[in-house]
Amino acid sequence: ELIDIVLPNHATNDEEQCLSVNLEGYIRIAEKYCWDNENIKSVVFIGSQSGFNGIDFPRYSASKAGCFPLMKYTSRKIAKYGACCNSISPGPVLTELN
C-alpha cells in the first residue's frame with residue numbers, strides 16, 4: 001500500500017472524546033502512515049483557532065492546540081525522506097454539530 005500524502009481531517013467537539021479522537025487519533029495516523037514511511041511526501045494536520053485562543057470548550061481547545069507540536073515533530077521525522085508537514089488552523093465553521 002503506497003501512501004505518500006496524508007491529510008487527517010477527523011474531529012469531534014464532544015468533550016468526552018476530544019482528546020482521544022482529535023489528538024490521539026492524529027498521533028496514531030502519523031505513527032502508522034508517516035513517521036517511518038519512505039514514500040511520504042506531504043502531511044497536513046487540521047488544527048483550529050481554538051487551539052491558539054482557547055475560545056471553545058477546554059478539551060477541544062487543548063486537543064487542537066496539540067496539532068502544532070505534533071506537526072513540528074512529524075516534520076522533523078519525515079524530513080529525512082524529503083517530505084514536508086504543515087498544519088492549518090481554520091476559524092469557526094458552522095456544521096450540524098454546533
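One-based numbering along the sequence shown.
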Output for pair (Lys77 NZ, Glu31 CD), nearest 0.5 Å, gives 9.0 Å
If you measure from CG on Asn9 to CD1 on Ile88, what distance do you get to the nearest 0.5 Å?
-> 9.5 Å
Reported OG-to-CD1 distance for the pair Ser42 and Ile78, which is rounded to 0.5 angstrom | 7.0 Å
Exercise: identify the closest heavy-atom pair between Pro90 and Gly47 | CD-O, 3.6 Å
Once you round to the nearest 0.5 Å, how far does SG of Cys18 lie from CG of Asn13?
-> 6.0 Å
Do you know the tightest heavy-atom contact between Ser20 and Glu24?
-> O-CB, 3.2 Å
Taking all non-hydrogen atoms of both residues into account, name the closest pair between Tyr26 and Pro8 and its distance.
-> OH-O, 3.2 Å
Might you confirm whether atom CG of Leu7 has over 12 heavy atoms from other residues, nucleotides or ligands at distances under 6.0 Å?
-> yes
Going only through I, L, V, M, F, W and Y residues with side-chain contacts under 4.5 Å, is there a path from Tyr73 to Phe52?
-> no
In Å, rounded to the nearest 0.5 Å, how long is the span from CD1 of Ile29 to CZ of Phe45?
-> 8.0 Å
Tell me, which pairs form a salt bridge (Lys or Arg N to Asp or Glu O under 4.0 Å) where one or both residues lie in residues 3-17, sequence neighbours left out?
-> Glu15-Arg59
Tell me, yes or no, whether the heavy-atom count around Phe68 atom CZ, taken from other residues, nucleotides or ligands under 6.0 Å, exceeds 12.
-> no
Take Ile55 and Tyr60 through the test side-chain contact (heavy atoms from CB on, under 4.5 Å) and record every step on the way to the result.
-> CA-CA 10 Å; Ile55 200 165; Tyr60 179 80; over 6 Å; no
Which atoms form the tightest heavy-atom contact between Asn37 and Ile3, and what is the distance?
-> ND2-O, 2.7 Å
Identify whether Ile5 and Met71 are in the same connected component of the hydrophobic contact network (ILVMFWY, side-chain heavy atoms under 4.5 Å).
-> no
If you round to the nearest 0.5 Å, how far is OG of Ser61 from CG of Asn53?
-> 7.0 Å
Taking Cys85 as the fixed residue, which of Leu70, Ile40, Val6, Val43 is the one that meets the side-chain contact (heavy atoms from CB on, under 4.5 Å) rule?
-> Val43
Closest heavy-atom pair and its distance - Cys34, Thr74 = CB-CG2, 4.3 Å
Under 3.5 Å donor-acceptor, Asn22 side chain and Thr12 backbone | yes
Verify the cluster assignment for Tyr33 and Ile46: are they in a single hydrophobic cluster under the rule of side-chain heavy atoms below 4.5 Å apart?
-> yes
Ser89 backbone acceptor or donor facing Gln49 side chain under 3.5 Å = yes
